[in-house]
Amino acid sequence: MIVVGFDPGIATSGYGVISLNSKINKIAVISYGVIKTEKNDNFSLRLSRIYDEVDSLITHFKPDYAGVEKILFSKNTKTAIEVAQSLGVIKLACARKGLTVKEYTPLEVKKSVLGYGRADKIQIQRALTKITNIDKIPGYDDAADALVIAICCGLNLRTNRNLL
């Protein structure tokens with residue numbers, strides 16, 4: 001099963017693509033990175049770029065499922081609204097490709113992958129390297145977060161639906 005995870009944002013959205021194989025109990029990283037938009041571009045153009053990149057990723061990797069980070073309340077309303085719009089565009093691109101999208105709070109992601117919902121970034125990144133056997137932590141936190149979201153989604157699907 002191939003799962004893509006997204007950590008939505010307007011300046012930078014992370015993505016991570018993994019495969020899960022229950023026969024050998026292995027999670028493998030296929031790809032990860034970030035979708036960047038230009039600060040000076042019109043907001044609609046930034047959303048369009050995110051949509052196009054997500055569409056391209058789905059077309060290229062052909063994932064079975066997508067996981068995204070659920071938006072929580074924020075002190076900065078403007079930022080929360082922009083991130084929510086990015087999330088909407090990501091979900092739209094997934095829906096147009098026929099992907100089921102699962103949303104997870106940061107607490108759910110951490111608990112699913114680490115067994116502890118209050119882990120910090122360093123703990124998450126260390127766990128990521130151990131779970132996937134990647135040599136180094138992705139250069140962008142958004143990409144690392146997206147990989148962990150993809151892992152959470154895959155593990156939850158396997159546990160809750162016996163899909164693997």
Side-chain angles (χ1 to χ4, degrees), residues 2-19 27-110 112-113 119-129 131-132 134-154 156-157:
I2 296 175
V3 180
V4 60
F6 293 102
D7 183 23
I10 193 61
T12 308
S13 290
Y15 70 87
V17 184
I18 62 160
S19 68
I27 297 171
V29 173
I30 297 172
S31 181
Y32 59 85
V34 293
I35 301 165
K36 289 185 169 190
T37 65
E38 296 297 323
K39 184 177 184 176
N40 295 329
D41 281 350
N42 174 287
F43 191 74
S44 296
L45 284 175
R46 295 174 85 181
L47 291 174
S48 178
R49 174 161 171 78
I50 293 167
Y51 177 91
D52 290 344
E53 291 290 327
V54 171
D55 182 74
S56 178
L57 286 166
I58 294 167
T59 298
H60 180 75
F61 293 108
K62 298 177 181 18
D64 301 295
Y65 294 93
V68 296
E69 185 172 74
K70 191 180 284 188
I71 304 297
L72 298 177
F73 293 102
S74 172
K75 292 177 184 176
N76 185 334
T77 305
K78 182 180 184 283
T79 300
I81 290 170
E82 289 178 351
V83 172
Q85 290 180 70
S86 172
L87 174 61
V89 165
I90 290 168
K91 290 170 75 174
L92 174 64
C94 290
R96 290 242 169 118
K97 292 291 189 180
L99 276 180
T100 299
V101 179
K102 301 291 185 180
E103 289 187 74
Y104 302 96
T105 66
L107 183 77
E108 290 171 319
V109 171
K110 293 173 187 178
S112 174
V113 176
D120 62 28
K121 289 266 187 208
I122 301 295
Q123 290 170 312
I124 293 165
Q125 291 173 347
R126 283 187 191 138
L128 178 61
T129 59
I131 291 168
T132 62
I134 57 175
D135 294 334
K136 63 179 185 169
I137 298 166
Y140 289 95
D141 286 346
D142 300 308
D145 290 348
L147 279 171
V148 175
I149 291 164
I151 292 167
C152 170
C153 181
N156 277 287
L157 287 166

- Heavy-atom closest contact (Ala146 atom, Asp7 atom, distance): CB-N, 3.9 Å
- Verify the neighbour count for atom OH of Tyr140: are there more than 12 heavy atoms of other residues, nucleotides or ligands below 6.0 Å? no
- Provide the closest heavy-atom pair for Val54 versus Cys94 in the form atom of the first, atom of the second, distance. CG1-SG, 4.5 Å
- Which heavy atom in Thr100 sits nearest to a heavy atom in Lys102, and how many Å separate them? CG2-CE, 3.9 Å
- Task: Decide side chain to side chain contact (heavy atoms under 4.5 Å, CB included) for Ile2 and Ile30; before the verdict, give the C-alpha distance in whole Å, the side-chain angles of both, and the deciding distance to 0.1 Å.
- Result: CA-CA 9 Å; Ile2 296 175; Ile30 297 172; 4.1 Å; yes
- Apply side chain to side chain contact (heavy atoms under 4.5 Å, CB included) to Tyr15 and Glu53, showing your working. CA-CA 10 Å; Tyr15 70 87; Glu53 291 290 327; over 6 Å; no
- Query: For Thr105, which residues count as a side-chain hydrogen bond (donor to acceptor under 3.5 Å, both in side chains) partner, sequence neighbours excluded?
  - Reply: Glu108
- Message: Restricting to side-chain hydrogen bond (donor to acceptor under 3.5 Å, both in side chains), what partner residues turn up for Lys70, sequence neighbours left out?
- Response: none
- Please test Ser13 against Phe6 for side chain to side chain contact (heavy atoms under 4.5 Å, CB included), starting from the C-alpha separation and ending with a verdict. CA-CA 7 Å; Ser13 290; Phe6 293 102; 6.0 Å; no
- Query: Given the rule in the side chain to side chain contact (heavy atoms under 4.5 Å, CB included) test, do Thr77 and Ile81 qualify, once you have shown the distances and angles that lead to the verdict?
  - Reply: CA-CA 6 Å; Thr77 305; Ile81 290 170; 3.8 Å; yes
- Message: Check Glu103 with Lys91, please: is the shortest side-chain N to carboxylate O separation under 4.0 Å?
- Response: yes
- Note on the structure: Residue pairs passing the salt bridge (charged side-chain N to carboxylate O under 4.0 Å, His left out) test with at least one member in residues 140-154, sequence neighbours excluded, are Lys121-Asp145
